[in-house]
Amino acid sequence: MSMDVKRIFISSLVYLVIALLLMSIMLPIVWIVVTSFKPESVAKIPSVWVFEPTLDNYRYIASIKPIWKPLADTLLVATSVAILSLAFGTPAAYALARYEFRGRDDLAFWILTFWMSPPVVFVIPLFLMFDRMGLLDTYIAIVLAHTLGNLPFVIWLMREYIRDVPREVEEAALIDGYSDAQVFARITLPLIKPGLVAVGILAFIFSWIEFLFALVLTTFNVRLLTVEVSSYWTIAGVILGPMTAAITISIIPATLFAFILQKHIVRGLTLGAVKGE
Amino acid sequence: MASVRLVRVRKVFHTPRGEVTAVDDVSLEVRDGEFLVLLGPSGCGKTTTLRMIAGLETPTRGEIYIGDRLVNNLHPKDRDVAMVFQNYALYPHMRVRDIIAFPLKIRKYPREEIDRRVREVAELLKIEHLLDRRPRELSGGEQQRVALGRAIVRRPQVFLMDEPLSNLDAKLRVVMRAELKRLQKSLGVTTIYVTHDQVEAMTMADRIAVMNKGRVVQLGTPRELFARPANTFVAGFIGSPPMNMIECSLDPGRGLLDCGVLKYPLDPNTGSLLQSRGVIEVILGIRPQHVRIQKGEVPDSVARVPVYVVEPMGTETIVNFKLGETMLKAVVPADVEVEAGEVWSIVFPRERVYIFDKKSGELVA
């Protein structure tokens with residue numbers, strides 16, 4: 001009997017801790033979503049929790065200061081970044097995983113150091129280069145910049161996925177009649193598909209939430225959500241209602257992808273361990 | 001079908017810790033239709049040799065011929081060889097049917113031909129019921145058969161096998177050993193088989209190439225290697241339990257080998273042969289099966305010593321004697337009654353004794 005009481009006590013304690021953790025993460029998000037439905041008169045700090053919900057803020061970002069262009073731009077940029085990151089990163093990762101050459105591990109680590117360094121180090125040189133090339137405020141500039149920022153982790157993660165594919169499977173295909181390129185395309189790529197999906201989504205999310213490069217390299221021609229949201233901080237103060245509505249809209253796609261990602265990461269880890277489909 | 005010829009092949013790997021010579025000047029001819037086993041301890045270069053024949057490694061020097069074709073610069077896919085890997089290397093994302101058909105599909109065989117051959121191979125290997133499964137749904141033995149199926153479906157010139165049985169449990173290994181040998185004989189395909197298991201090598205091979213430290217130290221039929229090992233390495237590697245090796249020095253005055261407790265009288269010819277070659281320090285080798293022991297005093301015994309420990313094996317008994325630092329094993333029929341502590345006479349039949357030069361390890365007499 002006392003064992004039961006003890007067990008119930010311990011599990012309630014665990015749930016309490018989880019609840020507190022969840023609250024600390026969820027509270028800001030809940031506050032943003034709730035605020036986005038407040039009328040202008042109460043959409044301010046300190047917060048009011050009792051109010052009559054309204055869609056005014058969403059009407060604002062739909063027509064007065066339309067969010068459609070930034071939303072479409074961000075979608076386009078993040079998608080391009082995800083595709084390009086994989087297109088450049090996977091072959092590089094393959095070379096680093098499979099070919100023996102002098103200084104290979106040093107090269108791999110050198111690539112990783114770019115991810116450890118603060119992005120602000122790269123922003124000014126990139127700004128100057130794109131300015132010289134006349135590429136400021138273009139899709140090319142921001143897509144390239146984000147891809148560059150993603151490549152280190154894309155290469156490192158894909159390298160791990162590729163290393164999980166037994167070398168002998170590729171060698172068997174070489175002997176069975178495939179060329180090196182065919183082995184990569186038809187044996188290795190299908191086997192690392194969970195990795196491609198997971199890393200691609202990560203690259204997408206990183207581009208989606210990136211602010212610094214977007215702020216420096218784009219203005220009006222290309223308009224990304226992070227910059228758009230920050231523009232609600234005007235000389236007249238923060239326009240909180242429409243801003244929270246814009247944030248609410250902008251976190252939806254990334255959240256959806258995060259759910260898919262979670263499933264794929266779990267699948268990737270258990271691939272081969274599970275029998276059947 | 002084809003022969004395989006290696007001419008002074010060498011492979012050097014560049015590692016962070018410097019150069020490593022994995023294969024050192026190996027010359028070898030595998031005859032058409034032959035089952036040749038590359039036998040040796042891990043790191044002896046046998047797998048690297050096999051991988052060079054497959055085209056997965058490029059030789060640093062030397063030439064490799066399959067049939068009359070120099071294949072050094074040929075891509076693996078163009079060498080017309082098939083390989084069975086230790087871990088089978090089945091394509092995890094394919095069904096068994098497609099895995100076996102894979103080499104044929106790549107070579108654009110007509111559909112009916114592919115279906116017919118896959119069916120034949122599946123029948124031969126008794127895996128018809130597995131054709132629609134994926135590799136991870138198969139047991140180790142089943143995966144092994146599928147890997148064999150993929151190799152034989154193409155009827156290649158040469159089979160290359162890299163320890164194909166080592167991942168199977170002991171019982172299945174014995175079964176597959178016999179089946180594999182039968183299969184090879186019925187297909188008549190030249191086969192090069194890598195293993196570190198001397199029993200596998202002895203039971204399956206037409207000829208064995210024993211490798212050590214990147215070199216072929218002896219090439220011959222299983223019988224030849226057993227009866228006349230060229231050096232202490234082969235002598236110690238082949239046979240179970242391994243050959244007894246006793247360090248001795250030549251005593252020309254008394255015409256015998258002085259091995260501490262044990263004295264072995266030489267016949268005059270052997271004595272003068274050793275003397276003429278200036279070999280003083282030798283290793284005396286005798287297989288445990290050839291050591292004779294007797295309870296009473298025997299005129300030609302080399303030693304009389306107490307039994308150290310007795311290991312009954314069922315069909316036979318292994319009797320251990322301690323001679324100074326070395327342990328001498330004798331295999332006797334199970335019905336011989338031996339107790340530890342009893343003093344027995346040990347006899348080395350002259351025709352069963354091998355004498356190796358201690359310095360070079362080579363067989364002298």
Side-chain angles (χ1 to χ4, degrees), chain A residues 90 94-110 160-198 264 266-277, chain B residues 13-16 47 50-51 53-58 74-95 98-109 133-139 146-147 149-151 153-154 156 158-164 167:
Chain A
T90 312
Y94 189 74
L96 286 172
R98 288 297 193 227
Y99 293 101
E100 298 279 346
F101 52 88
R102 204 176 287 265
R104 178 182 73 168
D105 291 336
D106 299 325
L107 180 66
F109 186 75
W110 180 70
E160 290 309 311
Y161 277 101
I162 290 164
R163 277 177 168 171
D164 283 348
V165 177
R167 183 74 180 116
E168 290 85 357
V169 171
E170 294 177 345
E171 289 175 343
L174 281 179
I175 292 172
D176 282 346
Y178 268 169
S179 66
D180 297 63
Q182 282 173 315
V183 168
F184 175 69
R186 302 205 194 144
I187 301 290
T188 316
L189 280 187
L191 290 176
I192 57 169
K193 212 159 73 186
L196 289 171
V197 173
H264 270 278
V266 172
R267 251 208 78 177
L269 289 176
T270 57
L271 195 74
V274 186
K275 285 211 166 210
E277 274 294 73
Chain B
F13 286 110
H14 299 273
T15 69
T47 296
L50 193 77
R51 289 170 57 84
I53 298 168
L56 299 172
E57 305 282 356
T58 318
L74 224 53
H75 192 276
K77 71 182 161 65
D78 301 318
R79 296 191 179 202
D80 202 11
V81 299
M83 186 152 163
V84 179
F85 291 83
Q86 182 172 2
N87 60 7
Y88 318 131
L90 302 177
Y91 310 120
H93 55 309
M94 294 186 193
R95 291 178 194 283
D98 300 314
I99 292 172
I100 296 175
F102 186 78
L104 302 179
K105 278 188 186 158
I106 294 174
R107 289 177 172 71
K108 306 248 177 343
Y109 276 65
R133 302 224 193 136
R134 285 180 203 275
R136 62 167 174 270
E137 299 162 353
L138 304 178
S139 70
V146 176
R150 176 176 62 183
V153 75
R154 219 171 80 205
V158 181
F159 284 149
L160 305 173
M161 305 200 180
D162 186 5
E163 311 231 4
N167 283 5

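Only this structure's heavy atoms are used, side chains among them; waters, hydrogens and symmetry mates stay out. In what follows, chains carry the letters A, B, and so on, assigned in the order in which the sequence lines appear, proteins first and then strands, with residues in each chain numbered from 1.
Using a 4.5 Å cut-off between heavy atoms, B/L90 contacts chain A through its backbone alone, with no side-chain atom that close.
Nearest heavy-atom pair across B/A89 and A/A172 is O-CB, 3.9 Å. In plain terms, the two heavy atoms of A/I175 and B/A54 that are nearest each other are CD1-CB, 3.9 Å.
For the pair A/E171 and B/R51, the minimum side-chain heavy-atom distance is below 4.5 Å.
How far CG of A/D176 is from NZ of B/K77: 12.5 Å, rounded to the nearest 0.5 Å.
Within residues 99-108 of chain A, no residue has a heavy atom under 4.5 Å from a heavy atom of chain B.
Between chain A and the residues B/V81, B/D162, B/N87, the most heavy-atom pairs under 4.5 angstrom are made by B/N87. Interface remark: of the candidates B/R150, B/H14, B/Q86, B/M94, B/R150 forms the most heavy-atom pairs closer than 4.5 Å to chain A. Ranked by heavy-atom pairs under 4.5 Å with chain A, the list B/L104, B/D80, B/I106 is led by B/I106.
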Throw together a table of side-chain donor-acceptor distances under 3.5 angstrom for residues 178-190 of chain A, partners on residues two or more places apart or in other chains.
unit_1 : atom_1 : unit_2 : atom_2 : d
A/S179 : OG     : A/Q182 : N      : 3.3
A/S179 : OG     : A/Q182 : OE1    : 3.3
A/D180 : OD1    : B/H75  : NE2    : 2.8
A/Q182 : OE1    : A/S179 : N      : 2.9
A/T188 : OG1    : A/E170 : OE2    : 2.7
A/T188 : OG1    : A/V183 : O      : 3.3

